[in-house]
Amino acid sequence: MERRSLAATIFVHLAALLLLAVILAPVLWLFVMSISSTPDLIAKPLHWWPDTVDLSRYGVLLSSVANSAGQAFVASLFNSIKVAGMATIAALIVAIPSAWAVSRTPSVGWSLYAVIATYMLPPVALAVPLYMALSWLGLLNNVFGLALVYLTILAPFTTWLLKSGFDSIPREIESAATMDGARLDQILRIITLPLAAPVMATAALFAFLLAWDEFFYALLFTSDQRAKTLTVAIADLAGGRVSDYGLIATAGVLAALPPLLIGLFMQRALISGLTSGGVKG
Amino acid sequence: MSALELVNIRKRYGSVDTLKGINLSLASGEFLVLLGSSGCGKSTLLNIIAGLAEATEGDVRIGDRSVTGVHPKDRDIAMVFQSYALYPNLSVARNIGFGLEMRRVPAAERAKAVEKTAKMLQIENLLGRRPSELSGGQRQRVAIGRALVRDPKIFLFDEPLSNLDAKLRMETRTELKRLHQMLGTTIVYVTHDQIEAMTLATRIAVMRDGHIEQLASPDEIYNRPATRYVASFVGSPPMNMLDATLVDGTAQIAGSQTVIPLPSSLRSQASRKVIVGIRPENLSLALGDPSKLTIEAKVEVVELTGPELVVTSSIGNQRLTASLPPRSQVTVGSLQRFSIDADGLHVFDAVTEKRIDA
């Protein structure tokens, strides 16, 4: 490591702490709100830390009593998992062959740029056509319909990401496998996809997060517990005459948990550098 | 029966002719080196033989069977790539055995073949490792092993030594030569390194701009280069090329009074502009022996490389390099008389650049 003066070291650490604070403060505040009692939340001046810890809202949201806020919340939680999960898997299924094809056939690379260009359209421009299409297919207020819409958002993105992943795998390795007698499916299964595992994991994670956080289309295309996702359910909590900010915060904390768990789980797959050693170096 | 035959191979990328009609025939057990600078089409030709690229025109025959349109895996060939192209996620053993695995060779038989190959290449203690845990030289051996284990009709090597350091490159070169002598396999080997070509090949095809400039044994390529290009490409330091005019059986060096009498076989040639080629090692210090061919030049730079003394001097405005024994007495700035070995003169036509023979 290069030599640094004491002042520079202190500065670097302070900067890191500041960054940490900026990133974590909202999350921390969300959590504090979720365990504060209502009087604490509306007190003036603000109570930064509640006098009493109130965990009742977690119970409310996770209860399964019929027609309760809890039932609606849990249903939307499962809807979100279903929609984001299906859209992510479908996006990978679509993206892997197309990304590989574009990566290995540079002459058709323009087609990917054309797809990416559609990505630049604001979602609202597509809202009406998508609504009419879903309506025609009978897939309004349906998790499959919503997953299909999300697929149109995720597929270009995952294809793009995977293409750069495939680009980094030398073609000579696949040529060698071809000469060794491997069929295309064997090359992909035994050689290329294992080498692309880190970038596939990254693509899956980001796709899932994108679908998980989506609000606009979910709000338009779902109307009740059969298909409403978390983002819409949280918005519903704020929609009444009285907004329980603590409850909204609690829902936010709970909504952040599944992606967090997936992220932790995927961390092992995200280890990169697997390609080193196959070619010169 | 020829192991490999190329019939009028042409390759066109858009409007660019990369290969302009390659014809050659290779006997079984030959070691053919395709030698040329980058962009001459040698790698393209190798890829066409391998089946990784298709020729625009012409036919490739392996073992008297046309393989045009035949998939690489069905051509009975194996290839060693410049980058080694090992499978990073598989063990060394599985890397070597991959070709057999894909051909559904039973596991026990496969393991035996892999072990035998590994032993031959002295990498049997590395079989459990991943490519990333190997040194460059070891990776190279694994790549060679992967080709060897399948016992194909033809081996293709694409600049296999260019990623190794100088010492390892020499060792591996010797190793390759030994393997070839031991196994008697047919090899096509692409390189831009003339030393590799000279040491390894039974025949060298010097390529330039998509055609074969000369196809001959290393000895002939070196001692009887067919064109000026071949003469200047092979040899280090490169051959001296002096512009001259052919007059009455002598060569008058341009820009100087020097006249070199030519061998009797060249006396009858018509007057014209020529290039006289003299290899640096065919020059020596003239020791007052008037019967020999001599040439006088002004010494400019003297470099001792260890085994030899490289003397750069000038005749008029042309450069003359001589490789002399290390203890030769040469003074910078002096006029020095060099004698030329009798068979050390190569004469090329200045226009066609082809060798002029009797």
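Letters A, B, ... mirror the listed sequences (proteins, then strands); counts begin at 1.
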A:F216, CZ atom: more than 12 neighbouring heavy atoms under 6.0 Å | yes
Which atom names give the shortest non-hydrogen contact between B:L86 and A:I173, and what distance separates them?
-> O-CD1, 3.5 Å
SB check A:D180 B:R103 (cutoff 4.0 Å) = no
Using a heavy-atom distance cut-off of less than 4.5 Å, which residues of residues 10-26 of chain A contact chain B?
-> none
Evaluate the side-chain proximity of B:F81 to A:M179: yes if any heavy-atom separation is below 4.5 Å, no if none is.
-> yes
With a 4.5 Å heavy-atom cut-off, do A:E172 and B:L52 have their side chains touching?
-> no
Is the count of non-hydrogen atoms from other residues, nucleotides or ligands lying under 6.0 Å from B:K177 atom NZ greater than 12?
-> yes
For the pair B:Y87 (side chain) and A:T192 (backbone), establish whether a donor and an acceptor sit closer than 3.5 Å, ignoring hydrogens and angles.
-> no
Hey, is CE on B:M170 packed in by over 12 heavy atoms from elsewhere, all under 6.0 Å?
-> no
Greater than 12 external heavy atoms within 6.0 Å of B:E115's CD | no
Shortest non-hydrogen pair, A:A176 vs B:R146, comes out as CB-NH2, 3.5 Å
Top of B:Q140, B:M79, B:E101 for chain A proximity - count of heavy-atom pairs under 4.5 angstrom | B:M79
Region of B:A50 that comes under 4.5 Å of a non-hydrogen atom in chain A = both
Contacting moiety of B:R129, where chain A heavy atoms sit under 4.5 Å | neither
Contacting moiety of B:L90, where chain A heavy atoms sit under 4.5 Å = side chain
Taking atom CZ of A:F31 as the centre, report whether more than 12 heavy atoms of other residues, nucleotides or ligands fall under 6.0 Å from it.
-> no
Under the 3.5 angstrom rule, does the side chain of A:R183 hit a backbone N or O of B:M102 as a donor-acceptor pair?
-> no
